[in-house]
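Computed from a prediction, not measured in an experiment: that's the story for all the values here.
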Protein chains: 2
Amino acid sequence: MSSESKLSISEHAALKAAREEFVSQWGALGSQWGINRTMAQIHALLMTAHQPITTDELMEELEISRGNAHTNVKELIAWGLVRTVVKRGERKEFFEAEKDVWEIARTVARERKRREIEPALGVLRDCVEKSREMQSTEAKEFNKQMRQLEEFVSFASKVADQVSAMKHGFAVQLAAKLLG
Amino acid sequence: MSSESKLSISEHAALKAAREEFVSQWGALGSQWGINRTMAQIHALLMTAHQPITTDELMEELEISRGNAHTNVKELIAWGLVRTVVKRGERKEFFEAEKDVWEIARTVARERKRREIEPALGVLRDCVEKSREMQSTEAKEFNKQMRQLEEFVSFASKVADQVSAMKHGFAVQLAAKLLG
DNA sequence: TAGAATTTTCAGAATAAAATGAAAACGTGA
DNA sequence: TCACGTTTTCATTTTATTCTGAAAATTCTA
């Protein structure tokens with residue numbers, strides 16, 4: 001065995017270890033957000049895969065059941081972060097993740113806006129509306145607080161729109177500006 | 001009973017209802033994030049309170065136990081969103097929330113950076129480091145992906161810094177610009 | 001410093017979320 | 001249409017999180 005192939009072997013093992021570290025840590029971080037651990041792990045695995053992966057491979061890599069793998073892959077597809085790939089001559093479905101980080105950011109911005117910001121805006125607008133005509137000091141304070149919160153969440157909503165409409169190049173520019 | 005005081009009474013009830021709606025919905029929204037329902041509800045209650053509130057009042061308003069109220073108030077204090085108020089002649093502690101929305105945003109930006117962004121950056125830097133010298137195509141792909149993610153999370157970190165250093169007035173300007 | 005008021009802790013109970021695995025449904029080629 | 005490989009569903013189990021309530025610790029007052 002040549003020294004080069006020895007290197008290859010240890011490098012292969014080290015890469016596998018690094019990737020496993022990423023998958024596992026990313027899963028832990030995900031659950032600190034509202035994201036379920038398995039979903040985050042599957043996403044991490046697919047983001048760092050060099051080729052599309054089947055449900056069976058996910059099950060094996062993460063040591064999870066078929067139902068779990070299936071549900072979470074479908075959830076990632078619903079988010080728009082993963083897509084199905086059909087390979088000719090193969091009956092199984094393969095999955096691959098979007099790898100472009102800015103594309104991922106845009107997708108997440110769009111989805112979080114839809115799932116989190118918009119419902120919050122609804123609640124706030126409702127509260128503003130309900131307390132609009134009230135006369136007491138307390139009611140006026142409440143109305144003011146609700147209006148301020150609404151204004152802020154509305155701002156967040158616009159930011160999400162801007163981000164999700166942002167072209168890759170412009171994002172890089174903006175990043176450079178901010179980081180410089 | 002004058003018509004004015006009748007109005008007051010129904011207005012009072014309507015305000016109470018609106019506030020309860022806000023507290024309950026805000027709690028539900030919070031749990032969609034990584035935030036526990038009770039903590040979000042306490043925060044909502046304190047944000048819309050016209051005066052500081054005791055643990056016993058929280059317990060009564062939200063129908064929760066002392067332990068629960070205590071733990072979550074302390075957690076809000078740890079986030080920097082709530083502070084203790086001592087009233088002369090009172091042995092009980094009172095709590096009040098920061099009400100300025102931009103101040104809240106700055107605090108949340110600072111804390112989320114510390115709790116979520118920085119650990120993520122740690123993981124990514126570790127993965128970049130570990131795969132830096134590897135030779136195989138797969139390893140190079142992995143390293144590239146990790147570098148791109150690191151760059152992005154680093155950007156998010158800078159944004160968080162900017163926001164948490166932002167003066168109130170500047171935030172309003174920026175908002176106007178973006179909303180216009 | 002006793003003792004009363006208040007805060008804090010934490011073991012156990014209750015609840016919510018996630019995972020399993022097997023059955024059902026689906027789709028395809030013979 | 002049948003048989004087989006695959007995907008999907010979902011009742012049940014497991015795990016994780018949150019909550020309770022009472023005891024312990026702390027703080028204040030007289």
Side-chain angles (χ1 to χ4, degrees), chain A residues 23-46 52-79 81-96 115-116, chain B residues 23-46 52-79 81-96 115-116:
Chain A
V23 169
S24 138
Q25 294 290 298
W26 207 246
L29 287 168
S31 61
Q32 282 207 315
W33 280 64
I35 293 145
N36 132 335
R37 206 181 78 246
T38 302
M39 190 172 142
Q41 288 187 341
I42 292 178
H43 189 225
L45 202 60
L46 290 173
I53 281 181
T54 63
T55 302
D56 292 79
E57 287 167 315
L58 291 176
M59 288 165 65
E60 187 173 2
E61 285 279 344
L62 300 176
E63 300 183 67
I64 59 177
S65 71
R66 183 173 302 283
N68 194 9
H70 175 80
T71 305
N72 284 293
V73 163
K74 290 291 149 160
E75 187 64 14
L76 283 164
I77 290 174
W79 270 78
L81 293 168
V82 165
R83 55 182 161 272
T84 301
V85 173
V86 280
K87 288 198 180 181
R88 48 181 265 155
E90 292 272 13
R91 287 180 60 175
K92 282 186 186 170
E93 286 187 325
F94 289 72
F95 304 102
E96 71 178 2
R115 294 164 190 242
E116 290 157 19
Chain B
V23 169
S24 137
Q25 294 289 298
W26 206 248
L29 286 168
S31 61
Q32 283 206 317
W33 280 63
I35 293 145
N36 131 338
R37 206 181 77 247
T38 303
M39 189 172 143
Q41 287 186 341
I42 292 178
H43 188 225
L45 202 60
L46 290 174
I53 282 180
T54 64
T55 302
D56 292 80
E57 287 168 315
L58 290 176
M59 287 165 66
E60 187 173 2
E61 285 279 344
L62 301 176
E63 300 183 66
I64 58 177
S65 72
R66 184 172 302 283
N68 195 8
H70 175 81
T71 306
N72 284 293
V73 163
K74 289 292 150 160
E75 188 64 14
L76 283 164
I77 290 173
W79 270 78
L81 293 168
V82 166
R83 53 183 161 272
T84 300
V85 172
V86 281
K87 288 197 180 182
R88 49 181 266 155
E90 292 271 15
R91 285 181 61 176
K92 282 185 184 168
E93 287 187 325
F94 290 72
F95 305 102
E96 71 177 4
R115 294 164 190 241
E116 291 158 18

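Here the range on DNA chain C touched by chain B, meaning any atom under 4.0 Å from one of its heavy atoms, is C/dA4 to C/dT9.
Under a 3.5 Å cut-off, the side chain of B/Glu60 and the backbone N or O of B/Glu57 do not form any donor-acceptor pair. In this structure, the side chain of A/Asn68 does not engage the main chain of A/Ile64 through any donor-acceptor pair within 3.5 Å.
No cation-pi contact links B/Arg37 to B/Trp26, judged by a cut-off of 6.0 Å to the six-membered ring centre and 45° from its axis.
Atom OG1 of B/Thr71 and atom CG of B/Leu76 lie 11.0 Å apart (nearest 0.5 Å).
Contact between B/Gln32 and A/Arg115 at its shortest, heavy atoms only, is OE1-O, 3.2 Å.
Atom NZ of A/Lys74 and atom C1' of D/dC10 are 17 Å apart (whole Å). Whole-Å rounding puts the A/Lys87 NZ to D/dT6 C1' distance at 17 Å. Between the CG atom of A/Leu58 and the P atom of D/dT6 there is a distance of 15 Å, rounded to whole Å.
The side-chain heavy atoms of A/Glu93 and A/Val85, taken from C-beta on, include no pair separated by under 4.5 Å. The shortest distance between side-chain heavy atoms of A/Leu58 and A/Thr54 does not fall below 4.5 Å.
Partner B/Phe95 forms a side chain to side chain contact (heavy atoms under 4.5 Å, CB included) with one of B/Thr55, B/Leu45, B/Ile42 and no other, that one being B/Thr55.
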Would you tabulate the pairs of protein nitrogen or oxygen atoms and nucleotide nitrogen or oxygen atoms of nucleotides 16-26 of chain D closer than 3.5 angstrom?
unit_1 : atom_1 : unit_2  : atom_2 : d
D/dC19 : OP1    : B/Thr38 : OG1    : 2.5
D/dC19 : OP2    : B/Asn36 : ND2    : 3.3
D/dC19 : OP2    : B/Thr38 : OG1    : 3.3
D/dC19 : OP2    : B/Asn68 : OD1    : 3.1
D/dC19 : O5'    : B/Asn68 : ND2    : 3.3
D/dT20 : OP2    : B/Ser65 : N      : 2.7
D/dT20 : OP2    : B/Ser65 : OG     : 3.0
D/dT20 : OP2    : B/Asn68 : ND2    : 3.2

